[in-house]
Amino acid sequence: MLLNLLKEKKEEDEEAREEQLYHRALEVVFDEGKASTSLLQRKVGIGYGMSVRFIDRLEAEGIITPYCKGESYRKLLMTRQAYESKEKN
């Protein structure tokens with residue numbers, strides 16, 4: 001029982017940390033005006049797997065363009081202000 005509680009707490013902490021990193025990634029994307037896995041890896045200090053998850057999430061949320069062969073960066077579809085007003089609602 002105690003081990004299960006500790007495991008749940010660790011998972012909650014990891015989810016909270018990943019959410020903090022995602023919000024940092026959002027800041028980077030809005031500041032840079034573009035997004036890529038390598039940009040997130042360098043600026044946020046995360047690994048490839050997490051940067052891919054963040055890029056997928058940014059795309060799913062309509063913040064960046066879908067993957068386009070030959071493009072090294074994704075373009076923004078939403079401004080910081082539009083994102084913030086969307087989050088308030």
Undergrad: Does the pair E32/K43 count as a salt bridge with the N-to-O cut at 4.0 Å?
TA: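 Yes, this pair counts.
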Undergrad: Taking the side chain as everything from C-beta on, heavy atoms only, tell me whether V29 gets closer than 4.5 Å to L40.
TA: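 Yes; the side chains approach each other to less than 4.5 Å.
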Undergrad: For the CG atom of L76 and the NZ atom of K34, what is their distance to the nearest 0.5 Å?
TA: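 These two atoms lie 10.5 Å from each other.
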Undergrad: Is the NZ atom of K86 crowded by more than 12 outside heavy atoms at less than 6.0 Å?
TA: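 Yes, because the 6.0 Å sphere around NZ of K86 holds more than 12 heavy atoms from other groups.
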Undergrad: Looking only at non-hydrogen atoms, find the nearest pair between A25 and V44 and report the distance.
TA: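 Closest approach of A25 to V44: CA-CG2, 3.7 Å.
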Undergrad: Taking side chain to side chain contact (heavy atoms under 4.5 Å, CB included) as the test, write out the residues that go with R80, two or more places apart.
TA: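 Partners of R80 by the side chain to side chain contact (heavy atoms under 4.5 Å, CB included) criterion, ordered by chain and then number, come out as E27, F30, D31, E84.
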Undergrad: Output the distance between atom CE (M78) and atom CG (L26), rounded to the nearest 0.5 Å.
TA: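 One finds 10.0 Å between CE of M78 and CG of L26.
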Undergrad: Taking side chain as C-beta onward, heavy atoms only, is F54 less than 4.5 Å from I46?
TA: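 When only atoms from C-beta onward are counted, I46 and F54 do touch, with a gap below 4.5 Å.
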Undergrad: Got a second to check how far D13's CG is from E18's CD, nearest 0.5 Å?
TA: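 Nearest 0.5 Å value for the CG-CD distance: 13.0 Å.
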Undergrad: Roughly how far, to the nearest 0.5 Å, is the CD1 atom of I64 from the CG atom of L58?
TA: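 Spacing of CG (L58) from CD1 (I64) equals 5.0 Å.
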Undergrad: Starting from Y48, walk the hydrophobic network (Ile, Leu, Val, Met, Phe, Trp, Tyr; side-chain heavy atoms closer than 4.5 Å) and list everyone else you reach, by chain and number.
TA: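 Via sub-4.5 Å side-chain contacts, Y48 links to V52.
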Undergrad: Quick check: closest heavy atoms across Y67 and E59, and the distance to 0.1 Å?
TA: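 Heavy atoms of Y67 and E59 come nearest at N-OE1, 4.0 Å.
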Undergrad: Measure the spacing between CD of E19 and CZ of R24 and express it to the nearest 0.5 Å.
TA: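 Output value for this atom pair is 15.0 Å.
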Undergrad: Sequence neighbours excluded, which residues qualify as side-chain hydrogen bond (donor to acceptor under 3.5 Å, both in side chains) partners of S36?
TA: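 Scan of S36 (side-chain hydrogen bond (donor to acceptor under 3.5 Å, both in side chains), adjacent residues dropped) gives S38.
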Undergrad: Can you tell me how far the OH atom of Y22 sits from the CZ atom of R57, to the nearest 0.5 Å?
TA: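 One gets 4.5 Å once the value is rounded to the nearest 0.5 Å.
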Undergrad: For the pair T65 (side chain) and K75 (backbone), establish whether a donor and an acceptor sit closer than 3.5 Å, ignoring hydrogens and angles.
TA: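 The answer is yes, because a donor-acceptor pair under 3.5 Å joins these two groups.
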